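Below is one structure, written out as structure tokens; the observations come after it.
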Number of protein chains: 2
Amino acid sequence: MTKSSRSDPARITHINVPKASDILAEQLRSLILNGQYQPGELLPAERDLVHSSGISRTSVRDALRLLEVEGLITTRPGRAGGSTVRQVGRDAVARPLQLYVRSREIDLASLFDCRLAVEPFLAGRTAANRTEADLAHIEEIHAAFLAEEDISHYKRLNLDWHLAIAAASHNDLLYTLMEAISDPIFETSGYQQATTAEMRKAAKTAHEAILEAVRARNEPLARKRMERHLTAYINTVSARHGDPSRRSEPPASEEHQTP
Amino acid sequence: MTKSSRSDPARITHINVPKASDILAEQLRSLILNGQYQPGELLPAERDLVHSSGISRTSVRDALRLLEVEGLITTRPGRAGGSTVRQVGRDAVARPLQLYVRSREIDLASLFDCRLAVEPFLAGRTAANRTEADLAHIEEIHAAFLAEEDISHYKRLNLDWHLAIAAASHNDLLYTLMEAISDPIFETSGYQQATTAEMRKAAKTAHEAILEAVRARNEPLARKRMERHLTAYINTVSARHGDPSRRSEPPASEEHQTP
DNA sequence: AAGATCGAAATGTCGGACCAAAACACGAAT
DNA sequence: ATTCGTGTTTTGGTCCGACATTTCGATCTT
């Protein structure tokens with residue numbers, strides 16, 4: 001047998017045998033994304049799709065299941081049920097990302113790197129784009145954060161504070177990424193280690209400073225301060241973790257931010 | 001709503017009726033993520049799962065389909081087929097993100113904001129972490145980029161250049177995000193508009209400068225130059241697009257509008 | 001021994017039946 | 001007239017059994 005017919009040994013891409021459900025799913029997905037089905041609208045009933053597509057109900061259901069996992073539709077039983085088109089939600093991005101992190105066993109350092117890349121930028125955008133309502137919401141959480149003493153609540157409020165800052169940037173996509181990244185960090189055991197009173201004090205003053213820059217609509221300042229805040233935190237954690245390899249230097253001018 | 005509600009039914013979370021397949025999927029997912037099934041290993045055959053789980057093959061297949069969409073397994077027909085555990089791939093993150101962007105109709109400005117947040121950071125990290133092999137690979141693409149004259153090839157090589165820089169940062173997660181974001185940008189019509197010879201010239205000198213900083217392992221310089229490069233590009237594009245609202249500029253002057 | 005052929009084992013597809021949930025229609029009780 | 005059941009209808013959810021398709025291994029042939 002001539003190894004691989006004739007002249008082309010390895011040039012062809014791996015042949016992909018499409019399943020019937022994949023084809024239908026692709027068609028429906030295309031219709032949805034092109035706006036032929038608006039969010040809130042109902043797709044045809046399964047048995048109707050069977051009739052109009054010519055494939056069995058098993059395959060039709062498989063296709064719908066695919067779209068459901070992708071977050072494009074939700075499907076409910078009952079008389080007025082069916083498959084409703086919806087906008088893809090944040091969780092449809094966050095869940096795969098979380099699986100990716102867990103499956104690849106991404107380490108804390110990389111996760112914090114992501115925050116370090118995204119959060120200062122978002123803080124700057126928030127300073128630039130925030131509305132008064134945004135500010136009010138942030139102040140509310142900030143007040144609760146300052147007042148909180150209980151450790152477990154503290155951690156939650158800390159995260160909420162950062163998310164509130166990110167949300168006020170009015171960049172939906174970046175906020176979604178930030179939220180998606182925060183989740184694995186929050187659940188990683190390394191992050192759950194004890195937070196000392198010292199660290200909490202430092203965090204509170206840092207938050208205060210950042211918030212002040214946001215109030216003043218000072219974009220570069222908010223960005224810089226958020227960067228310092230995160231860097232300081234990372235250094236503290238990795239130092240305590242007995243992992244000095246990941247120390248990052250403070251940006252530019254030394255200001256001796258931490259105790 | 002967030003008022004104190006004692007003993008009244010407004011507090012319960014939305015009831016979640018789990019499908020049979022969801023339960024099995026959850027169990028298998030947990031087994032996989034906890035390492036009970038290593039990547040490359042085979043899950044039990046569908047009919048075995050039917051026997052051991054007690055649910056029908058329809059539901060078992062549904063569960064497996066779920067895991068497949070999540071990227072945790074691949075399943076092939078045939079005698080030695082079955083469901084093979086695998087590490088979650090980049091595309092399992094990129095695809096949902098792309099759907100999110102298309103479904104929410106995220107505008108180009110937000111997408112570029114993402115690049116502006118991520119890429120300079122990655123360029124810095126690349127300057128810090130690159131190996132000689134990384135550098136060689138980048139230089140190779142860079143040379144091709146400089147030499148290319150054809151427009152369509154140019155765009156592809158331009159993207160490749162940026163991806164190569166990002167890949168050399170050795171931060172898997174951030175690179176994945178960068179790649180995932182680049183894809184929608186590349187396909188958006190607004191980006192596909194004509195690229196003038198002027199812009200290409202500017203890009204080539206900018207790339208040269210960035211690469212020089214990467215060679216010199218100068219982290220802040222690489223970062224700064226990448227930031228300038230992207231900002232300049234965004235300004236050019238949005239100016240041409242007749243959309244002056246997204247100019248990146250100091251917030252200096254105040255808008256005069258009705259209070 | 002190389003090649004063709006057949007069988008076995010696994011997923012993929014099908015059709016039909018039935019179950020469960022949810023809204024609706026309609027009638028009885030208040 | 002309003003409310004409360006109660007049944008009906010429509011829809012997705014589940015099960016079953018059969019067959020199709022793919023792939024590998026074994027056996028047979030030359």
Side-chain angles (χ1 to χ4, degrees), chain A residues 1-6 12-29 32 37 40-86, chain B residues 9 12-28 32 37 40-86:
Chain A
M1 176 182 69
T2 59
K3 298 280 191 183
S4 67
S5 59
R6 284 311 163 127
I12 53 177
T13 61
H14 189 248
I15 187 134
N16 199 12
V17 185
K19 284 184 276 194
S21 51
D22 290 327
I23 300 179
L24 178 56
E26 171 54 33
Q27 288 184 16
L28 290 174
R29 189 185 302 121
I32 292 173
Y37 286 105
E41 213 169 330
L42 273 167
L43 257 48
E46 292 181 355
R47 287 161 176 100
D48 292 343
L49 285 174
V50 169
H51 186 263
S52 59
S53 71
I55 62 180
S56 74
R57 191 166 164 227
T58 307
S59 297
V60 168
R61 283 181 56 76
D62 212 21
L64 292 176
R65 183 59 185 253
L66 188 58
L67 298 181
E68 191 184 11
V69 175
E70 291 179 341
L72 286 168
I73 64 175
T74 58
T75 147
R76 296 168 315 169
R79 176 164 180 164
S83 298
T84 313
V85 178
R86 70 167 200 180
Chain B
I12 55 177
T13 64
H14 190 248
I15 186 97
N16 199 11
V17 189
K19 284 184 275 193
S21 51
D22 291 327
I23 300 179
L24 176 57
E26 170 55 34
Q27 288 184 16
L28 290 175
I32 291 173
Y37 285 106
E41 213 170 329
L42 272 170
L43 256 48
E46 292 180 356
R47 275 138 180 126
D48 292 343
L49 286 174
V50 168
H51 187 264
S52 59
S53 70
I55 63 181
S56 73
R57 189 168 163 230
T58 307
S59 297
V60 168
R61 283 181 56 77
D62 212 21
L64 292 176
R65 176 71 158 176
L66 188 56
L67 299 181
E68 190 184 11
V69 174
E70 291 179 341
L72 286 168
I73 64 174
T74 57
T75 148
R76 295 170 317 169
R79 176 162 180 159
S83 298
T84 313
V85 178
R86 68 167 203 181

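In this text, all values refer to a predicted model and were calculated from it rather than measured experimentally. Just so it is clear: chains get the letters A, B, ... in the order the sequence lines come, proteins before strands, and each one is counted from 1.
With a 4.5 Å cut-off on side-chain heavy atoms, A:Val60 and A:Ser53 count as touching.
Both A:Ala80 and B:Ser56 lie close to DNA chain D; mapped to their nearest nucleotides by heavy-atom distance, the more 5′-ward contact belongs to A:Ala80. The 5' end of DNA chain C is approached more closely, in terms of each residue's nearest nucleotide, by A:Asp62 than by the other of A:Asp62 and A:Pro77. Closest-nucleotide positions on DNA chain C for A:Gly78 and A:Ala20 were compared, and the one nearer the 5' end corresponds to A:Ala20.
The base of D:dG13 lies outside donor-acceptor range of the side chain of A:Arg76, with no N or O pair under 3.5 Å. The base of D:dG12 lies outside donor-acceptor range of the side chain of A:Arg61, with no N or O pair under 3.5 Å. Side-chain atoms of A:Arg65 and base atoms of D:dG12 include no donor and acceptor less than 3.5 Å apart.
For B:Lys19, counting side-chain heavy atoms from C-beta on, the closest listed nucleotide (D:dA18, C:dG15, D:dG13) is D:dG13. Of the candidates D:dC15, C:dT13, D:dG12, the closest approach to any side-chain atom of A:Thr75 belongs to D:dG12. Of the candidates D:dG12, C:dC14, C:dT13, C:dC14 carries the atom nearest the A:Thr58 side chain, counting heavy atoms from C-beta on. Minimum atom distance to the side chain of A:Ala45 is reached by D:dT11, of the listed C:dA23, C:dA8, D:dT11.
Using a cut-off of 4.0 Å between Lys/Arg side-chain N and Asp/Glu carboxylate O, A:Arg65 and B:Asp62 are scored as salt-bridged.
Atom CZ of B:Arg76 has 12 or fewer heavy atoms from other residues, nucleotides or ligands within 6.0 Å.
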Problem set entry | CA sep, side-chain torsions, deciding dist, call: B:Ile23, B:Ile55, side-chain contact (heavy atoms from CB on, under 4.5 Å) | CA-CA 10 Å; B:Ile23 300 179; B:Ile55 63 181; over 6 Å; no
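Across all strands, A:Ile55 comes closer than 4.0 Å only to sugar-phosphate atoms, never to a base (heavy-atom distances). Residue contacts for A:Ser59: at a heavy-atom cut-off of 4.0 Å it reaches the sugar-phosphate backbone alone, with no base atom in range.
A:Ile73 has its CD1 atom 12 Å from the C1' atom of D:dG12, to the nearest Å. Spacing between atom CZ of A:Arg79 and atom P of C:dC19 amounts to 20 Å, rounded to whole angstrom units. Here the C1' atom of nucleotide D:dG13 and the CG atom of B:Leu24 are 16 Å apart, to the nearest Å. The interatomic distance linking B:Glu46 (CD) with D:dC16 (C1') rounds to 15 Å, in whole Å. Rounded to an integer number of Å, the gap from CG of A:Leu49 to C1' of D:dG13 is 16 Å. Per the geometry, CG belonging to A:Leu43 stands 13 Å off P belonging to D:dT11, to the nearest Å. Regarding B:Asp48, its CG atom lies at a distance of 12 Å from the P atom of C:dA9, rounded to whole Å. Rounding to whole angstrom units, CZ of residue A:Arg47 and C1' of C:dC14 are separated by 15 Å.
Residue B:Leu72 holds its CG atom at 10.0 Å from CG of B:Leu28, rounded to the nearest 0.5 Å.
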